[in-house]
Amino acid sequence: MTSSPSHAPPLVDHQVLALRLRGVVKTFGDLRAVDGLDLDLRAGTCLGLLGPNGAGKSTTMRMLTGQAIPDSGEIEVLGFPVPQKSKQARARMGVVPQSENLDEELTVRQNLTVWATLLRVPRRHRVKAVADAMVAAQLVERADSKVQTLSGGMKRRLLIARALVHRPALVLLDEPTVGLDPQVRGDIWTLIDQLRSSGVSVLMSTHYIEEAERLCDDVAVVSHGKVIARGTPAELVGIHAGVEALEFFGPPVRLQRVEDTVAPLGFSTRRTGPSVSVLRAEALPQHVVDALGEGSRRAANLEDVFVLLTGERLAD
Amino acid sequence: MTDLTRLTSGPAEDVPRTLRAVEPTAFSGVFTREITLFRRVWLSTAFGSIVEPTINLLAFGFGLGALVSSVQGIPYIQFIGTGTVATAVLFSSVFAGMYDTYIKRTFRKTYDGILATPVDVPELLLAEGAWIAVKAGVFGMAPLLVAIIFGLPPSWGMLAIPFICFLTGLGFGFMGQWFSGIVPSIDSFTYVQSALITPLFVLAGIFFPLQGLPQWVQTSAQLNPLYHCVQLVRNAVFGWEPLNDLGHTLALIVFAAAMALLSIRALRAKLID
Ligand SMILES: Nc1ncnc2c1ncn2[C@@H]1O[C@H](COP(=O)(O)OP(=O)(O)O)[C@@H](O)[C@H]1O
Ligand SMILES: [Mg+2]
């Protein structure tokens, strides 16, 4: 394996890799949507691509299925070089796209059966594969309902189940819970969690911190088509955001005063709506804490990491 | 929630180590999807494809037929009856190729889904084109049946007509796909229809023989695939002209092959970034 030119060390690579990307570049005109991307996904783990809209997450996913051709760099999916042997790789992977594209006028069962055919489930196994997928997606009662009559959450579960009908070794999920309400999001998380614990390799893109923290073994923080940090969620938080943050609420003048106080001491701050957080607050001298007045301590999180590294905020 | 291990105990079996460029499996997967979708709409499609040519046939056959009793020794209603087979083929194939392909690519993102499975652009388009052609083969028979009801004597040559319709539908289906890949928006199809489809349709010898028209019109008809379809259909019904019919068939084969290549090239550029 070649060494990574990126500033961040590569993820553990002494195991089998479900995905291996080296120096992958994809441009659209003048825009470098993916700009020298290195990624390793260890078989049987979940890797999260965490980044804001426009970071290049979907473009990366499309390159893994041969639907976008990189300008340069190397891609291996399940050991197959892509795009050269993309079709072999696609036969063993399941893809959950960012925008839903179910056949609305077909039933749940018909959608899954069509996909089982496209994904080459042998004819004699198709009925069982479809039945298993409906159980997994909790859609057995709706088996013969047209997709257009399903709720948003059910459609999303079907979209995921459709990608699992051929028992793939690798699953790509592009923003699997975007636009869903919290209750439904929880259901999808459970589904993804079970997927990973059953030994499937998962690549998931998200701009929800909580999602990455909950589901991913490793996270690659992406910004402008580059990986700017990677590690387990805990490592990333520990290395980049410290232990805790001190959060203050109040009118803008109050927040401004907090920022003015800590900035000269070299501390980073992050605004979220009506509050400001001072990051790495465990290192704040006690007299500064006292001077700042009443605030609440909270554990540092991935969002703090992201802001510290990029100066940008993730959406939501 | 339930146990997923049944779903995920490993990669699919029976997946060959190497996959060929255009595989029957991928082709039939896409084809099967179309059949599944069609099962919901076959009645309305069949209704339209029978009612429309019937109206054409009756309006022209009896309307004009009152003025023109026969053309080239053929009763006018039989002339029209055989000609409208080509109409049915043209309209069932070129519009399916244009609108359906455009909608599936842009609005529904269907192709993004399919291309993430082990199906490549040529397999996708060839299978969808073949399906359009099968429908053209079946629906092209509707006007013929109507013409038989109105007195066209059945003949063995008519058994060749579904194949003529299939071949013609293949070319026009691919042509529609190709246009869907090169138009700037779905509204542009109006121009395609006025500037191209309508002239092809009018100058194919469906409603009147081209013999009476200026020589240059007759010559350019040789470039109109629909003209070759019309000639083949009439000859199948009223008597083969072996050498000419071979020429017509070759023209339709060349047309279908060229359109398939253009369609694949245009849509690959749109579907693969
Ligand atoms: N087909 C395309 N043509 C031109 N620009 C594109 C295309 N696809 C994506 N982009 C651009 O590339 C950048 C990355 O997009 P994308 O991969 O969708 O990001 P993300 O999924 O992280 O939100 C964006 O600026 C987007 O506008
Ligand atoms: Mg995206």
Side-chain angles (χ1 to χ4, degrees), chain A residues 26 28 59 62-63 65-69 78 83 85-95 97 99-106 110 113-115 117-122 125 129 132-133 135-136 138 161-172 187 190-191 194-195 197-200, chain B residues 1-41 103-124 127 268-273:
Chain A
K26 178 66 187 176
F28 295 109
T59 304
R62 287 176 63 82
M63 286 193 286
T65 54
Q67 290 174 281
I69 310 296
L78 298 170
K85 297 204 168 171
S86 162
K87 209 178 189 187
Q88 279 100 314
R90 275 178 277 147
R92 295 163 176 80
M93 69 204 275
V95 180
S99 57
E100 182 198 293
N101 54 8
L102 297 162
D103 286 317
E104 295 273 330
E105 57 273 41
L106 298 185
Q110 286 172 323
T113 307
V114 164
W115 236 249
T117 313
L118 288 170
L119 289 164
R120 298 161 189 240
V121 175
H125 297 155
D132 288 349
V135 170
Q138 293 186 300
R162 193 180 73 169
L164 305 180
V165 77
H166 58 318
R167 301 187 302 144
L170 166 67
V171 174
L172 309 183
D187 287 353
T190 313
L191 192 57
Q194 289 175 333
L195 196 57
S197 37
S198 66
V200 177
Chain B
M1 285 284 197
T2 50
D3 174 28
L4 276 171
T5 47
R6 278 179 304 167
L7 278 185
T8 54
S9 52
E13 315 154 33
D14 296 6
V15 177
R17 285 302 294 180
T18 56
L19 305 176
R20 272 171 293 146
V22 175
E23 284 177 286
T25 324
F27 182 96
S28 73
V30 177
F31 201 85
T32 310
R33 177 178 174 279
E34 291 295 320
I35 293 173
T36 312
L37 282 163
F38 186 70
R39 285 209 293 244
R40 303 208 84 91
V41 296
I103 289 165
K104 285 190 253 188
R105 174 169 66 84
T106 57
F107 304 130
R108 300 202 167 187
K109 307 278 176 215
T110 307
Y111 294 155
D112 277 348
I114 293 177
L115 293 175
T117 71
V119 173
D120 286 333
V121 174
E123 292 156 336
L124 170 68
R268 186 185 270 141
K270 292 282 179 179
L271 289 166
I272 309 291
D273 291 330

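Here the structure is a predicted model, which is why all the values come from computation and not from measurement. Numbers restart at 1 for each chain; the letters A, B, ... are given by sequence-line order, proteins then strands.
- Summarising the geometry, atom CZ belonging to A:Arg120 is positioned 10.5 Å from atom NE2 belonging to A:His166; distances are rounded to the nearest 0.5 Å.
- Between B:Asp112 and A:Arg62 there is a salt bridge, since a side-chain N of the basic residue sits under 4.0 Å from a carboxylate O of the acidic one.
- Counting heavy-atom pairs closer than 4.5 Å to chain B, the top residue among A:Leu172, A:Val114, A:Leu118, A:Leu102 is A:Leu118.
- We find the CZ-OG1 distance between A:Arg162 and B:Thr117 to be 9.0 Å, quoted to the nearest 0.5 Å.
- Side-chain atoms of A:Gln67 and A:Thr65 form a donor-acceptor pair, as typed in the model, at a separation below 3.5 Å.
- Neither the backbone nor the side chain of B:Val41 comes within less than 4.5 Å of any heavy atom in chain A.
- Using a 4.5 Å cut-off between heavy atoms, B:Leu115 touches chain A through backbone and side chain atoms alike.
- Looking only at heavy-atom pairs under 4.5 Å with chain B, the residue among A:Thr117, A:Val95, A:Asp103 that has the most is A:Asp103.
- With a threshold of 4.5 angstrom between heavy atoms, B:Arg40 approaches chain A through side-chain atoms but not through N, CA, C or O.
- A heavy-atom distance below 4.5 Å is found between the side chains of A:Thr59 and A:Phe28.
- Atom CZ of B:Arg105 sits in a crowded spot, with more than 12 heavy atoms from other residues, nucleotides or ligands closer than 6.0 Å.
- Interface summary for chain A: among B:Leu37, B:Val30, B:Thr32, the most heavy-atom pairs under 4.5 angstrom belong to B:Leu37.
- If you tally non-hydrogen atom pairs under 4.5 Å between each of B:Thr36, B:Asp273, B:Ile272, B:Val119 and chain A, the highest count goes to B:Asp273.
- Ranked by heavy-atom pairs under 4.5 Å with chain B, the list A:Lys26, A:Glu100, A:Met63 is led by A:Lys26.
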